[in-house]
Amino acid sequence: MKKNESIYITKPGSVEIRPADYPVPKEGEALLELVYGGICGSDLNTYRGNYAYAIYPNIPGHEFSARILEIPENGAGLKPGMLVTANPYFNCGSCYSCRRGFLNCCVDNQTMGCHREGAFSRYITLPVERLYNGNGLDARRLALVEPFCISYHGVRRARIQPGDKVLVVGGGTIGINAMLAAKHFGAEVYVADVVPEKLSFASKMGADGTILNSGPDDFLKAAADATGGDLFDAAIEAVGLPSTFQNCIDAVCYEGRVCVIGIGNQTLDFHYTMIQKKELNIFGSRNALKEDFMDVIALFSEGTFDPLDIVTNEYRFEDAPKALEDFDRHSGSMLKVLLTC
């Protein structure tokens, strides 16, 4: 029998590789071999001890590609040897959200690597209905589908249209992906961040402009200058801080749209009447839907842009402790980090 191992974040700042039982699929499950795994911002914040949904100890990881080793007969045509990715957001199926089809925001959502064991084991099992055919995508690109889906879903929630001027606040992986998704929908997109290196990367990736978020007054002036004084049609919050939500409120025009993707654990104190005064449309965006996965797999296959451009670092599975330590220390210059098996 093959040797199995799992990556554990045992407590903030501590990562271990531990032996694990070789998984046995239950009825309706497939046996998978991990090929690539992406370290998400939520994994990093779990390592740092400031993620709102973190539990310890836990196996992180919810963005990945895997090879099917065993799978029962299924209507999706999935067979051993195929590369797949997966929907990592487990839903209860019975709450009001699930009954209305909003499986991504189930009231008892259990996301892999956050509320339940994640994918960072050499071998895992998953229900067949959660697996999505890579349709010819290579394993590295397939591992980048889920994080792009998070941004893509948020951009769809914000109803981005051709000709919109959009501001993405946050130049991390989710922010850069949101910029790419908004441009895919025909928008002119600016990216704001406090780190100049992230803005340089955003420009390299195709942002139409950038804003160095050096303070509220300078930020608002830059937003006005970028839009001829009109401010932005929509803003995507991709950080998860009260201050960056405030940035979005300030930067959008009257009757503008704000979509919050970022996750934080701080409370917000602000002049909320501005929502009424500007008649703002404010959306939350949680996880993604199957249709988002299907759209993004097709988008990657078209080759409009290369998702690998966002990968800045790769580590071996057994070097996961170093990967998270490096990511913590150098998050200003590291964007998407992949683990390879």
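- The hydrophobic clustering, which links ILVMFWY residues whose side-chain heavy atoms are closer than 4.5 Å, places Ile124 and Leu83 apart.
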* Passes salt bridge (Lys or Arg N to Asp or Glu O under 4.0 Å), Asp217 versus Lys221? Steps please. -> CA-CA 6 Å; Asp217 292 339; Lys221 182 179 184 304; over 6 Å; no
* Determine, step by step, whether Asn109 and Thr111 satisfy the side chain to side chain donor-acceptor pair (under 3.5 Å) criterion, reporting the C-alpha distance in whole Å, the side-chain angles of both residues, the deciding distance to 0.1 Å, and the verdict. => CA-CA 6 Å; Asn109 172 76; Thr111 297; 2.8 Å; yes
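- For Tyr152 and Phe293, the gap between ring centers reaches or exceeds 6.0 Å.
- No donor-acceptor contact under 3.5 angstrom links the side chains of Arg286 and Ser97, judged on distance only.
- Of all the heavy atoms in Val189 and Ala182, the pair that sits closest is CG2-CB, 3.6 Å.
- Side-chain contact between Leu32 and Ile68 is present, with at least one heavy-atom pair separated by less than 4.5 Å.
- Applying the 6.0 Å contact sphere to CD of Glu73 captures no more than 12 heavy atoms from other residues, nucleotides or ligands.
- Arg141 places no side-chain N or O within donor-acceptor distance of the main-chain N or O of Phe300, the cut-off being under 3.5 Å.
- Expressed to the nearest 0.5 Å, how far SG of Cys253 lies from CD of Glu279 amounts to 11.0 Å.
- Annotation: Arg329, atom CZ; neighbour count of heavy atoms from other residues, nucleotides and ligands within 6.0 Å does not exceed 12.
- Heavy atoms only, all atoms of each residue included: Cys92 and Cys106 are closest at N-SG, 3.2 Å.
- Here the side chains of Pro147 and Asn177 are in contact, with some heavy-atom distance below 4.5 Å.
- Ile174 and Leu241 fall into different hydrophobic clusters, where Ile, Leu, Val, Met, Phe, Trp and Tyr side chains are chained together by heavy-atom contacts under 4.5 Å.
- In this structure a side-chain-to-backbone donor-acceptor pair under 3.5 Å is missing from Asn91 to Asp108.
- In this structure, Ser331 OG and Leu44 CG are separated by 6.5 Å, a value rounded to the nearest 0.5 Å.
- Connection of Phe64 to Val35 is not established within any shared hydrophobic cluster, with ILVMFWY side chains joined at heavy-atom distances below 4.5 Å, either directly or through further cluster members.
- A pairwise comparison of heavy atoms in Val128 and Glu29 identifies CG2-C, 4.0 Å as the closest pair.
- Within the 3.5 Å criterion, the main-chain N or O of Asp250 finds a donor-acceptor partner in the side chain of Lys278.
- The closest side-chain heavy-atom distance from Val166 to Val155 is not below 4.5 Å.
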* Under the side chain to side chain donor-acceptor pair (under 3.5 Å) criterion, do Asp326 and Asn313 qualify, and how do the steps go? -> CA-CA 10 Å; Asp326 289 351; Asn313 303 80; over 6 Å; no
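- If you look at Phe327 and Tyr47, their ring centroids are not closer than 6.0 Å.
- Looking at Asp225, its side chain never comes within 3.5 Å of a backbone N or O of Ala222 through a donor-acceptor pair.
- Using modelled atom types, no side-chain atom of Asp218 and backbone atom of Gly215 make a donor-acceptor pair closer than 3.5 Å.
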* For salt bridge (Lys or Arg N to Asp or Glu O under 4.0 Å), just list the numbers for Lys322 and Asp319, CA-CA rounded to whole Å, side-chain angles, deciding distance to a tenth of an Å, and then say yes or no. => CA-CA 5 Å; Lys322 178 172 172 53; Asp319 293 329; over 6 Å; no
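- Ser14 contributes no side-chain N or O that, together with a main-chain N or O of Lys11, makes up a donor-acceptor pair within less than 3.5 Å.
- Contact annotation: the side chain of Leu339 approaches that of Ile7 to within less than 4.5 Å [non-hydrogen atoms, C-beta and beyond].
- No donor-acceptor pair under 3.5 Å is formed between the side chain of Asp208 and the backbone N or O of Glu188.
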* To do: Given salt bridge (Lys or Arg N to Asp or Glu O under 4.0 Å), test Asp230 with Lys165 step by step and report yes or no.
  => CA-CA 10 Å; Asp230 292 335; Lys165 287 192 174 181; over 6 Å; no
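- Separation of atoms OG1 (Thr244) and CZ (Phe219) is listed at 9.5 Å; rounding is to 0.5 Å.
- To the nearest 0.5 Å, the span separating CD on Glu5 from CZ on Arg122 amounts to 4.5 Å.
- Remark: Arg48 is not positioned above the aromatic ring of Tyr51, lacking an NZ or CZ atom under 6.0 angstrom from the ring centre and at most 45 degrees off the axis.
- A 4.5 Å side-chain heavy-atom check between Leu280 and Ile249 finds at least one atom pair inside the cut-off.
- In this structure, Phe245 and Phe270 have perpendicular ring planes: the angle between them is above 60°, well past the 30° mark.
- At least one cation-pi condition fails for Arg157 and Phe283: the charged atom is not both under 6.0 angstrom from the six-membered ring centre and inside a 45 degree cone around its axis.
- Between the CG atom in Leu131 and the CG atom in Asn74 there is a gap of 8.5 Å [rounded to 0.5 Å].
- Hydrophobic clustering, with ILVMFWY side chains joined whenever heavy atoms are under 4.5 angstrom apart, groups Ile59 together with Ile17.
- Counting heavy atoms from C-beta on, the side chains of Leu338 and Leu144 come closer than 4.5 Å.
- Inter-residue side-chain proximity for Pro23 and Asn4 is flagged as met; some heavy-atom pair is nearer than 4.5 Å.
- Hydrophobic clustering keeps Tyr123 apart from Phe120 (ILVMFWY residues linked when any side-chain heavy atoms are closer than 4.5 Å, directly or through intermediates).
- A cation-pi contact links Arg130 to Phe90, judged by a cut-off of 6.0 Å to the six-membered ring centre and 45° from its axis.
- Considering every non-hydrogen atom in both Ser121 and Leu34, the closest pair reads O-CB, 3.4 Å.
- The shortest distance between side-chain heavy atoms of Leu103 and Tyr89 does not fall below 4.5 Å.
- Once rounded to the nearest 0.5 Å, the distance linking OG of Ser65 with OH of Tyr132 reads 16.0 Å.
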